[in-house]
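What follows is a set of notes on a single structure, which appears directly below.
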Amino acid sequence: MTKFEKNILNPDHQYFMKLALVEAEKAFKADEVPVGAVLIDQDQNILSAAYNQTISKHDPTAHAEILTLRKAGKRINNYRFVNTTLYVTVEPCIMCMGAIIHSRVRHVVFGTPDLKWGAAGSLYAFHDDMRLNHQPRITKGICKKQCKRLMVDFFKEKRL
């Protein structure tokens, strides 16, 4: 068993998801859909973190996951993230799962499912599609209540 495989089996998922929740709270305060993401390497070093900024950047691709991958790429000077884990508060959408697969993220950990856009098991299961050249491992439900509560509160405020 490799060091990364050991870390996948015994990482502190709640710790890193709480860091992603901090990012999601930044989005909430910025009046963006509150999704946050954190990417770690095989030694559990944080490579990057970001939150949704589609509205402020006028960019439909500025999801937390995409921004996190972009930052990490600049940091490590590579577009491949082999042996990394991406923590995200909400299940990645089809665009983000496409980027995750292209970039070879090894493991995706998310908090709450997205029944309308989710591509990691809720609506689509891109990670299980053997026709694709990479299948990231998926762990779901970490800090689910906190992740879901942030989304529910955000959209409740929007409706008022």
Side-chain angles (χ1 to χ4, degrees), residues 1-21 23-24 27 32-55 57-144 147-148 150-151:
M1 183 178 295
T2 69
K3 183 177 181 180
F4 184 77
E5 288 167 334
K6 287 179 189 172
N7 284 346
I8 266 187
L9 296 175
N10 299 307
D12 189 348
H13 288 324
Q14 288 190 353
Y15 172 77
F16 291 109
M17 188 60 72
K18 287 179 180 175
L19 294 178
L21 275 162
E23 293 297 315
E32 298 273 1
V33 175
V35 179
V38 174
L39 184 70
I40 64 168
D41 67 13
Q42 65 189 3
D43 297 318
Q44 298 186 10
N45 298 307
I46 296 170
L47 297 176
S48 60
Y51 58 91
N52 272 9
Q53 296 176 56
T54 57
I55 297 165
K57 291 186 177 285
H58 310 288
D59 180 356
T61 69
H63 288 197
E65 301 95 322
I66 300 295
L67 296 175
T68 299
L69 295 175
R70 286 177 183 163
K71 285 181 181 180
K74 288 179 182 174
R75 179 172 180 190
I76 67 171
N77 202 30
N78 200 335
Y79 67 104
R80 296 281 194 237
F81 306 111
V82 179
N83 294 332
T84 61
T85 300
L86 180 67
Y87 290 85
V88 60
T89 56
V90 177
E91 179 181 0
C93 71
I94 54 178
M95 173 185 68
C96 293
M97 277 303 291
I100 288 163
I101 290 166
H102 278 292
S103 64
R104 309 300 194 275
V105 170
R106 177 109 180 241
H107 189 188
V108 176
V109 179
F110 70 85
T112 191
D114 185 342
L115 302 177
K116 293 183 179 181
W117 290 96
S122 291
L123 185 60
Y124 298 102
F126 282 14
H127 64 288
D128 280 339
D129 192 332
M130 298 308 290
R131 296 171 296 176
L132 300 174
N133 63 351
H134 177 68
Q135 291 78 35
R137 179 178 172 184
I138 303 293
T139 300
K140 56 186 172 181
I142 304 299
C143 300
K144 180 180 178 178
C147 295
K148 183 176 181 176
L150 201 54
M151 292 293 284

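Just so we're clear, the structure is a prediction, and the values are computed from it rather than from any experiment.
Side chain of E32 to main chain of I55: a donor-acceptor pair is present (N/O by atom type, distance under 3.5 Å, no hydrogens or angles). In this structure a side-chain-to-backbone donor-acceptor pair under 3.5 Å is present from R104 to H102. A donor-acceptor contact shorter than 3.5 Å links the side chain of N52 to the backbone of A64.
Evaluation of the side-chain contact (heavy atoms from CB on, under 4.5 Å) rule for E91 yields F110, P113, D114, A120, S122 as partners, not counting sequence neighbours. Scanning for side-chain contact (heavy atoms from CB on, under 4.5 Å) contacts around A72 gives L39, L47, S48, F81, with sequence neighbours left out. Checked against salt bridge (charged side-chain N to carboxylate O under 4.0 Å, His left out), E23 has the following partners two or more places apart in sequence or in another chain: K26. The side-chain contact (heavy atoms from CB on, under 4.5 Å) search around N45 returns D41, D43, not counting sequence neighbours. Under the rule for a side-chain contact (heavy atoms from CB on, under 4.5 Å), the partners of D59 that lie at least two apart in sequence or sit in another chain are K57, T61, A62, R70.
Going from atom OH of Y87 over to atom OG1 of T68 covers 13.5 Å, rounded to the nearest 0.5 Å. Distance check, rounded to the nearest 0.5 Å: CZ of R75 to CD1 of I46 gives 9.0 Å. Between T139 atom OG1 and H107 atom NE2 the span is 2.5 Å, to the nearest 0.5 Å. Rounded to the nearest 0.5 Å, atoms CZ (F16) and CD1 (I40) are 4.0 Å apart.
Listed by first and then second residue, the ring pair (Phe, Tyr, Trp, His ring centres under 6.0 Å) pairs that reach into residues 112-136 are Y124-F126, sequence neighbours excluded. Residue pairs meeting the salt bridge (Lys or Arg N to Asp or Glu O under 4.0 Å) criterion with at least one member in residues 121-131, sequence neighbours excluded, are D129-R131.
When every heavy atom of V105 is checked against every heavy atom of P136, the shortest pair comes out as O-CB, 3.4 Å. Shortest non-hydrogen contact noted between M151 and V35 is SD-CG2, 4.3 Å. I66 and M95 make their closest contact through CG1-CE, 4.1 Å (heavy atoms, listed as atom of the first residue, atom of the second, distance). The two residues R106 and N83 come nearest to each other via the heavy atoms NH1-OD1, 2.8 Å. Nearest heavy-atom pair, Q135 versus L132, reported as atom, atom and distance to 0.1 Å: NE2-O, 2.7 Å. Pairing each heavy atom of A27 with each of V33, the nearest pair is CB-O, 3.6 Å.
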Is there a side chain to side chain contact (heavy atoms under 4.5 Å, CB included) between K18 and D12? Walk through the geometry before answering. CA-CA 10 Å; K18 287 179 180 175; D12 189 348; over 6 Å; no
Under the side chain to side chain contact (heavy atoms under 4.5 Å, CB included) rule, what do M17 and T89 come out as? Steps first, then yes or no, please. CA-CA 7 Å; M17 188 60 72; T89 56; 4.2 Å; yes
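When each of I142, T112, V88 is checked for a side-chain contact (heavy atoms from CB on, under 4.5 Å) with C147, only T112 meets the rule.
Proximity of H63 to V90: side-chain heavy atoms (C-beta onward) are nowhere separated by under 4.5 Å.
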